[in-house]
Amino acid sequence: MTHQSDILIIGSGAAGLTAALNLADRFNVTVLAKGGLSEGSTAWAQGGIAAVLEPGDTFESHIEDTMVAGAGLNDRATVEFVVENAPRAIARLTELGVPFNMDGPEENRVPHLTREGGHSHRRIVHVDDATGWAVQQALTHAAESHPNITLVPDMVAIDLATARHEERYSGAGNVWGVYAVNRATGRVELFTARATILATGGAGRTYLFSTAPSGATGDGIAMAWRAGCRVSNMEMMQFHPTCLYNLDVKNFLITEAVRGEGGQLLIPDTGYRFMPDFDERAELAPRDVVARAIDHEIKRLGLDYVHLDISHKGADFVTEHFPNIHEKLLGLGIDMTTDPIPVVPAQHYTCGGIVIDLDGRTDLPGLYAAGECCESGLHGANRLASNSLLECFVFGEAAARHISAHWDDLPPVPAIRPWDESRVTDSDEEVVIKQNWTEIRRFMWNYVGIVRTTKRLERAQHRIKLLTDEIDEYYAHFRVTPDLIELRNLLQTAELIVRSALHRKESRGLHYTTDYPDTLLVAQDTVLVP
């Protein structure tokens with residue numbers, strides 16, 4: 001089955017829906033969601049969106065905070081572009097009905113601003129502690145209400161349809177859409193368009209412990225790489241310092257804002273506050289600093305977790321600022337108004353990805369990318385808190401703007417070959433997928449985690465080579481399923497992460513290796529070319 005539209009967007013989160021809404025007044029837009037429309041990372045974002053709105057704050061200050069957090073690996077032009085567009089992005093979200101927390105009298109309401117680690121000012125707009133969910137709901141409602149937007153849930157993208165899939169083969173490299181498997185029917189369908197935008201999110205599920213949703217398996221990054229796009233800085237995987245330690249709830253995030261509002265990190269039993277020993281900014285240091293400090297103390301003392309305590313701020317303050325986290329923890333037997341929260345670091349954000357320019361363009365004609373799947377130059381070696389949703393809005397709009405301005409330059413879609421299943425059968429060994437999935441996530445956590453060594457990275461690389469042959473053979477012989485597609489992308493993403501980590505002979509930002517503990521004088525991107 002083949003579906004055709006003017007523009008195809010893969011991903012229904014902040015980046016994808018922002019692009020769709022900016023295009024739909026002029027074009028027919030199809031948006032594919034891997035699962036439900038609101039199951040991606042956007043809906044999980046607790047913290048907020050960074051923007052210069054406070055008197056006394058400046059664009060230059062936000063830019064410098066971003067550059068410092070990114071350890072100089074950021075592209076300054078990109079940082080300036082995103083930061084300067086942030087207030088407009090907040091204004092548009094407000095127009096869409098996002099109910100940001102406000103201060104002041106009714107006739108002169110202004111956004112309530114919080115502060116997070118790495119920021120020199122209070123510049124985080126938020127909706128309690130569930131900003132992402134509020135943003136997702138507003139964007140989804142607007143998209144569902146637009147007659148030119150078709151939202152298609154439960155479509156798992158397999159590979160981009162490129163010039164080599166044309167009925168008359170071409171080596172031009174154009175991207176014409178995507179092949180995707182329908183979860184309901186199990187059949188592969190072809191979606192074609194003159195322009196395709198990847199907004200598929202990150203690759204957090206490459207790791208055993210992650211705050212990312214289950215669908216964050218690096219699909220867009222892997223598909224773009226196989227199609228011929230460069231990827232950059234894949235070694236820069238951000239670990240959030242404070243994920244709830246609970247054996248039954250493995251990916252509940254305790255937002256950065258808890259530390260921003262005065263939460264302290266303590267050693268269990270002794271109650272010793274250890275962050276001032278590591279950084280003068282203490283709990284407000286950037287995430288890589290805090291995550292490594294927690295990792296150091298856990299390993300040094302043989303702990304399972306450390307404590308995050310904000311109970312000294314008072315019950316009314318805590319419940320007003322963090323109602324959803326408070327309610328969730330109460331259900332697990334933890335009252336954060338009186339007790340500390342057990343926390344551990346967990347993979348949180350993919351700072352590297354598909355190389356794009358300021359228009360969201362990738363290396364391939366007709367293919368754009370936005371959000372966590374791309375490497376725009378904004379985050380560098382470490383993402384500054386609450387810059388992620390911001391990047392989605394700015395680059396979702398940038399890609400839409402470029403497509404609109406250059407529509408007449410985009411050639412019509414040629415005849416594309418349908419998916420060929422004539423030489424495969426249904427799998428009779430699904431256990432292979434589960435076993436390999438678990439193995440990948442475990443060795444990535446143990447060998448390619450917060451602190452790395454060359455020997456551990458080489459061990460991971462060796463296991464990836466063995467698994468690649470096995471999974472390639474499996475993929476060649478059996479009909480595709482969502483689990484097989486995710487496993488294939490998971491392994492490809494792991495290979496890119498390890499290759500990038502081995503390439504970088506220094507410690508910078510999120511990449512810390514005991515074999516090269518110093519930071520080089522010149523910051524250089526790790527760029528992999530297919």
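Counting all heavy atoms, side chain and backbone alike, G40 lies closest to P213 at C-CG, 3.8 Å. Closest of all the heavy-atom pairs between A89 and L390 is CB-CD1, 4.4 Å. A pairwise comparison of heavy atoms in A381 and L73 identifies N-CB, 3.6 Å as the closest pair.
Counted by atom type alone, H126 and T131 present zero donor-acceptor pairs between their side chains at under 3.5 Å. Between the side chains of T206 and T493, no donor N or O sits under 3.5 Å from an acceptor N or O. In the model, D295 has no side-chain atom that pairs as donor or acceptor with a side-chain atom of Y512 under 3.5 Å. Of the N and O atoms on the side chains of H112 and D103, at least one donor lies less than 3.5 Å from an acceptor on the other residue.
Formation of a donor-acceptor pair under 3.5 Å by the R292 side chain with backbone atoms of V451 is not found in this model. Proximity of a side-chain donor or acceptor of T217 to a complementary backbone N or O of N489 within less than 3.5 Å is not detected. The backbone N or O of I356 lies less than 3.5 Å from no partner atom in the side chain of Y368, so there is not a single donor-acceptor pair. Judged purely by atom type and a 3.5 angstrom limit, H62 has no side-chain atom pairing as donor or acceptor with the backbone of D57. Within the 3.5 Å criterion, the main-chain N or O of G352 finds no donor-acceptor partner in the side chain of E235. Side-chain atoms of D515 come within 3.5 Å of backbone atoms of T454 as a donor-acceptor pair (strictly under, hydrogens ignored). Side-chain atoms of R183 do not come within 3.5 Å of backbone N or O of D154 as any donor-acceptor pair. S12 places a side-chain N or O within 3.5 Å of a backbone atom of L37 that can act as its donor or acceptor partner. Of the possible polar contacts, one joining the R508 side chain to the A71 backbone as a donor-acceptor pair under 3.5 Å is found. Within the 3.5 Å criterion, the main-chain N or O of Q524 finds a donor-acceptor partner in the side chain of R504.
In this structure, the side chains of N446 and L208 stay at 4.5 Å or more apart for every pair of heavy atoms. Residues K328 and L244 fail the side-chain proximity criterion, which asks for heavy atoms closer than 4.5 Å. Counting heavy atoms from C-beta outward, R259 and V290 have side chains that approach closer than 4.5 Å. Using a 4.5 Å heavy-atom cutoff, the side chains of P111 and M102 are in contact. Side chains of F239 and Q347 form a contact here, defined as non-hydrogen atoms less than 4.5 Å apart. Residues L93 and I49 meet the side-chain proximity criterion, which asks for heavy atoms closer than 4.5 Å. Looking at heavy atoms from C-beta onward, Q461 lies out of side-chain contact with I464 at the 4.5 angstrom threshold. Looking at heavy atoms from C-beta onward, T350 lies in side-chain contact with M237 at the 4.5 angstrom threshold.
Within 6.0 Å of CD on E84 lie more than 12 heavy atoms contributed by other residues, nucleotides or ligands. By the 6.0 Å contact criterion, NZ on K455 is open, its count of non-hydrogen atoms from other residues, nucleotides or ligands being 12 or less. Counting non-hydrogen atoms of neighbouring residues, nucleotides and ligands closer than 6.0 angstrom, the CG atom of D269 reaches no more than 12 such neighbours. No more than 12 heavy atoms of other residues, nucleotides or ligands lie within 6.0 Å of CZ in R442, so this atom counts as exposed by the packing criterion.
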What verdict does the side chain to side chain contact (heavy atoms under 4.5 Å, CB included) test give for R287 and E256, after you've listed the backbone C-alpha separation in whole Å, the side-chain angles of each residue and the deciding distance to 0.1 Å? CA-CA 9 Å; R287 288 175 176 176; E256 190 99 4; 2.5 Å; yes
Subject >> side chain to side chain contact (heavy atoms under 4.5 Å, CB included) between R499 and T526, worked out >> reply: CA-CA 10 Å; R499 193 196 304 188; T526 302; over 6 Å; no
CA sep, side-chain torsions, deciding dist, call: H296, F274, ring pair (Phe, Tyr, Trp, His ring centres under 6.0 Å): CA-CA 11 Å; H296 178 272; F274 59 87; 9.2 Å; no
Note to self: One pair to check against ring pair (Phe, Tyr, Trp, His ring centres under 6.0 Å): F209 and Y245. What are the steps and the verdict?
What the structure shows: CA-CA 10 Å; F209 298 106; Y245 178 82; 8.7 Å; no
Could you go step by step and tell me if Y349 and L510 meet the side chain to side chain contact (heavy atoms under 4.5 Å, CB included) rule? CA-CA 11 Å; Y349 193 84; L510 299 166; over 6 Å; no
- [ ] May I have the step-by-step check of side chain to side chain contact (heavy atoms under 4.5 Å, CB included) for L265 and E297, ending in yes or no?
- [x] CA-CA 11 Å; L265 288 163; E297 293 300 280; over 6 Å; no
Worksheet entry | Chi angles and distances behind the salt bridge (Lys or Arg N to Asp or Glu O under 4.0 Å) call for R383, E391 | CA-CA 11 Å; R383 175 177 68 89; E391 182 184 35; over 6 Å; no
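R92 has a carboxylate O that lies under 4.0 Å from a charged side-chain N of E397, or vice versa, which qualifies the two as a salt bridge. Taking the charged nitrogens against the carboxylate oxygens, K34 and E486 do have a contact shorter than 4.0 Å, which makes a salt bridge. Between R76 and E60, at least one side-chain N (NZ, or NE/NH1/NH2) sits under 4.0 Å from a carboxylate O, which counts as a salt bridge.
Annotation: the span from E375 atom CD to I221 atom CD1 amounts to 10.5 Å, rounded to 0.5 Å.
Screening T78, N387, N74 for a side chain to side chain donor-acceptor pair (under 3.5 Å) involving T66 leaves a single residue, N387.
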